[in-house]
Amino acid sequence: MDSEMASKEEVEEDETKTRMVVVILVGAPGSGKSTFCEAVMKSAHRPWFRVCQDTIANGKAGTKAQCLRSAVDALKDGKSVFIDRCNLECEQRAEFVKLRRDQVDVHAVVLDLPARLCISRCVKRTGHEGNLQGGKAAAVVNRMLQKKELPKLSEGFTRITFCNEESDVESAVEMYSALGPLDALSSGCFGQKNSSSKVQVGIMKFLKKVEPSKIVDSNLSSSQGAVLKPDTEDSSCLEQKKKASIASVCDKEVEHRNRNLPHNLSGVSTVSVSDIPTLAFPSISTADFQFDIEKASDIIVEKVEEFLSKVTNARLVLVDLSHRSMILSMVKARAALKHIDSDRFFTFVGDITQLYTGGGLHCTAIANAANWRLKPGGGGVNAAIFNAAGPSLETATKERAGSLSPGSALVVPLPSSSPLHKNQGVTHVIHVLGPNMNPQRPNFLNNDYKKGCEVLHETYSSLFNGFLSVLKSSVLEDKINGQRQVSGASESDIGSPTDSFQNNDQKIKRAVTCELEKSKKYKGPEEGLGNRQLKVDCTEDMDLSCSSEAPQAKAPVKTDKCNGDAARTWSSWSLSLYHIAMHPGNEKYKKEIIELSDDAVVLNDLYPKAQKHLLVVARKVGLDCLADVREEHLNLLKAMHAMGEKWAKKSISEDTSLIFRLGYHSDPSMRQLHLHVISQDFNSSYLKNKKHWNTFNTAFFRDSGDVINEISRHGKATLSVDEKLLSMELRCHRCRSVHPNLPRLKSHISKCQAPFPATLLQNGHLISSPGEANSNEA
């Protein structure tokens, strides 16, 4: 009797003891192991302790042995334990399974989510404990998944829970959160749908171009995570699943917008290809470059609103692979608060290289988050776009530029032979490079978000201006030929999607060629370290609608070519000064720089228009030309003037006959605000034509002192951009006599001893030696 009572008491005591659990999380990087732990611990009914090898050694990565010791200590303290490691192989799990005791159950929670989703998360995340993020993460995930061994009860587990979808993960979180101190979960294996699946589709499958009929959305059923076998389901069932996954690529807004656009999996569609001109773009710099997504979302909405206020009947689409994308959610919410028209700007969930075949969305252009070398590879969007477009994109890109600087964009027309053009209707790819906050990547800004935000503003401005140049070219061609827009044509006129895409590309190419030819004919000033640049001027009220009527020609509108309101794109050869100012430490620029400060760099003009010709180039991001300057830049202008004056006086000390003038061009041909410090002899073989002369000797040239005074009083400088100034007769800058050609003018200048005009002498626009100053005044 006594023994029976003792036995009963032992059982009751046993039942009141806390039954601890060791949960071994099994999953690839990006599967959500740490998020799972945090979610459970936040609302748990029992004490939990998380063991993470990435932070086990005082916040740094440690060893498996350290993880084991930490787990044992936590169990002694009466806490249940999460083992937050990948644990993809049986050998990696074995030591932790041995923690099983009479009062300790060992569970496995397998986060067997699609490889594509894991890769997408890794590429986009920032501040990861183990620094597994960005482009390098994709290859790591792929390599680890090749070795995956799904856990079995025979290894010693009490319970195994398989999570094949995100909804399964949510259920598992709820289950473990509700687990009380005295609760225990039933033993066994739960949720495994296909015990034979071993290897998920990795990064090579993710980046490999597949036929539209094989596209499977990564955010849906778990079956796409494993290699599908044709004999497991009949073809009609597979087809239904494929169609369902394709349809779910779009979020609800996009589905509603495109509900009348029928499409099928073969890529052949009855959809009119004359959709509103559309630019699809990913979030720039928030993935591999680790830029703060809240700051990025504010900038995106601000620049989108600015663009849409200037251009009618064009639309922008922010694209991301994941339905759970934070950047999409933030941007959508901010856009709604600003009442941005959701038909002209919206978010889209899907593959940016398959927007038409995958979601019925026809885009004129897509943006590529490129690397500075403009090379394929690196994972993410860049690799996917180069892969989808084929070799022709790399060739076309090389023809236009060899590199890209942060804040810049490069517009590349896609040849009609490109698969991306033929299958998706994309006529242009716009490469952009944003600011980098990742210390493992080039041009690291060392978490300087003030400069980073400026560069990201500039990046989106360059992107949208690039898109605007594509639209402008198309509109110009329509005006020249009086052609009707495609949207007014009948279905029989349209033909197949491929034909229409090709025709549209040819039309845009002709317009771009026309603009280039016009640019080549312009013999403007060859200032700085490069040649001329292609300018695209668009007035704010320009209508870019795809109406059935040909656009009506408008009366010429006078616009400042380099004012802050007019759209302007800078070609690669006009960016030399910008590159030097932004990257003065670069080895290839060090020989060019003769002085460097926080405000500016000083260098000799590569094409000097006089015996002495220097440039003082501002280093502030966003100051492309004089039109961008405002009152807050006054100290910068004064600093630049002081630097120019110093170098002028240094040259005068070496040659007292020199006289200098300091000033800015109203409409420069080189990007980045720069001050000319030029001697007034104009004795140079690079001074070749009338326009060269007139850029320095008419109202087109604004004296530095006058600019400083105007900005101090009015907040901005007066610009003289009338092209007639550059075609004025050749007049001597001293005696104002007229000459028939430049050789005659140069000959005259070498002998002319007349004093300079009173306007230059009285306002202190000239810098000279005391002796020269007295002779000029005389």
Side-chain angles (χ1 to χ4, degrees), residues 285 288-289 368-378 382 394-412 431-446 448 451-452 454-455 458-459 462 525-534 569-609 612-625 640 643-644 647 668-677 684-686:
S285 289
D288 191 24
F289 283 178
N368 175 36
N371 53 53
W372 73 272
R373 294 185 182 89
L374 292 172
K375 297 290 187 182
N382 184 63
E394 184 177 2
T395 302
T397 300
K398 282 182 180 178
E399 291 173 354
R400 284 160 178 79
S403 64
L404 199 62
S405 59
S408 303
L410 178 69
V411 180
V412 179
H431 298 298
V432 291
L433 182 63
N436 174 37
M437 296 299 177
N438 183 349
Q440 306 301 320
R441 294 289 178 266
N443 300 310
F444 174 51
L445 292 181
N446 198 24
D448 182 357
K451 184 172 183 179
E454 290 176 349
V455 175
E458 188 176 1
T459 302
S462 300
E526 297 173 332
E527 57 181 307
L529 298 177
N531 297 317
R532 297 177 301 279
Q533 48 98 32
L534 173 63
T569 58
W570 301 89
S571 59
S572 58
W573 53 81
S574 67
L575 297 174
S576 298
L577 297 182
Y578 173 83
H579 292 325
I580 293 175
M582 295 300 110
H583 311 290
N586 193 309
E587 286 297 327
K588 65 181 179 180
Y589 300 143
K590 285 185 177 180
K591 293 181 180 179
E592 310 292 344
I593 297 172
I594 59 177
E595 183 180 355
L596 170 64
S597 75
D598 292 338
D599 296 313
V601 294
V602 181
L603 56 151
N604 290 305
D605 195 307
L606 191 60
Y607 301 101
K609 302 302 184 293
K612 286 288 185 178
H613 187 181
L614 296 86
L615 301 176
V616 182
V617 188
R619 295 189 61 201
K620 185 172 180 59
V621 174
L623 286 183
D624 289 350
C625 54
M640 292 173 66
M643 293 174 76
W647 281 95
S669 60
M670 299 290 291
R671 178 183 179 184
Q672 198 61 19
L673 179 71
H674 53 283
L675 173 70
H676 291 269
V677 181
S684 170
S685 60
Y686 291 106

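On a predicted model such as this, the values are computed, not experimentally measured, just so you know.
- The closest side-chain heavy-atom distance from T459 to P435 is below 4.5 Å.
- Of the possible donor and acceptor atoms, one in the side chain of Q672 sits under 3.5 Å from a partner among the backbone N and O of K620.
- A heavy-atom distance below 4.5 Å is not found between the side chains of W647 and N604.
- Remark: the backbone N or O of N438 is paired with a side-chain donor or acceptor of N436 at under 3.5 angstrom.
- Closest approach of Y578 to S405, counting heavy atoms only: CE2-OG, 3.1 Å.
- Here the closest heavy-atom approach between residue P406 and residue G434 is recorded as CB-O, 4.0 Å.
- H613 and S684 share no donor-acceptor pair across their side chains, judged by distance under 3.5 Å alone.
- Counting only distance, with no hydrogens or angles, the side chain of N382 and the backbone of K375 share a donor-acceptor pair below 3.5 Å.
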Problem - V601 vs E592, side-chain contact (heavy atoms from CB on, under 4.5 Å): CA-CA, chis, key distance, verdict - result: CA-CA 10 Å; V601 294; E592 310 292 344; over 6 Å; no

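- Across every non-hydrogen atom of M437 and G452, the tightest pair is CE-CA, 3.8 Å.
- Between the side chain of R619 and the main chain of S597, a donor-acceptor pair closer than 3.5 Å is present.
- For the atom pair CG of L673 and CE of M640, the computed distance is 4.5 Å after rounding to the nearest 0.5 Å.
- Contacts of E587 classified as salt bridge (Lys or Arg N to Asp or Glu O under 4.0 Å), with partners at least two apart in sequence or in another chain: K590.
- Note that the CG atom of L433 and the OG atom of S403 stand 9.5 Å from one another [nearest 0.5 Å].
- Judged by distance alone, the side chain of R400 and the main-chain N or O of A396 form a donor-acceptor pair under 3.5 Å.
- Residue H431 holds its NE2 atom at 3.0 Å from OG1 of T397, rounded to the nearest 0.5 Å.
- Under the 4.5 Å side-chain criterion, counting only non-hydrogen atoms from C-beta, I594 is in contact with L614.
- When every heavy atom of A618 is checked against every heavy atom of A581, the shortest pair comes out as O-CB, 3.5 Å.
- Taking all atoms of both residues into account, the shortest heavy-atom contact from A600 to V616 is CB-CG1, 3.9 Å.
- Residues passing the salt bridge (Lys or Arg N to Asp or Glu O under 4.0 Å) test with K398 are E394, sequence neighbours excluded.
- Here the straight-line distance linking atom CG of L623 with atom CD of E454 works out to 9.0 Å at 0.5 Å rounding.
- Partner P584 forms a side-chain contact (heavy atoms from CB on, under 4.5 Å) with one of L596, V617, L603 and no other, that one being L596.
- Minimum interatomic distance between L410 and A401 (heavy atoms only, all atoms of both residues): CD2-CB, 3.7 Å.
- In this structure, the separation between OG on S408 and NE2 on H579 is 6.0 Å, given to the nearest 0.5 Å.
- Of the possible donor and acceptor atoms, none in the side chain of D605 sits under 3.5 Å from a partner among the backbone N and O of L615.
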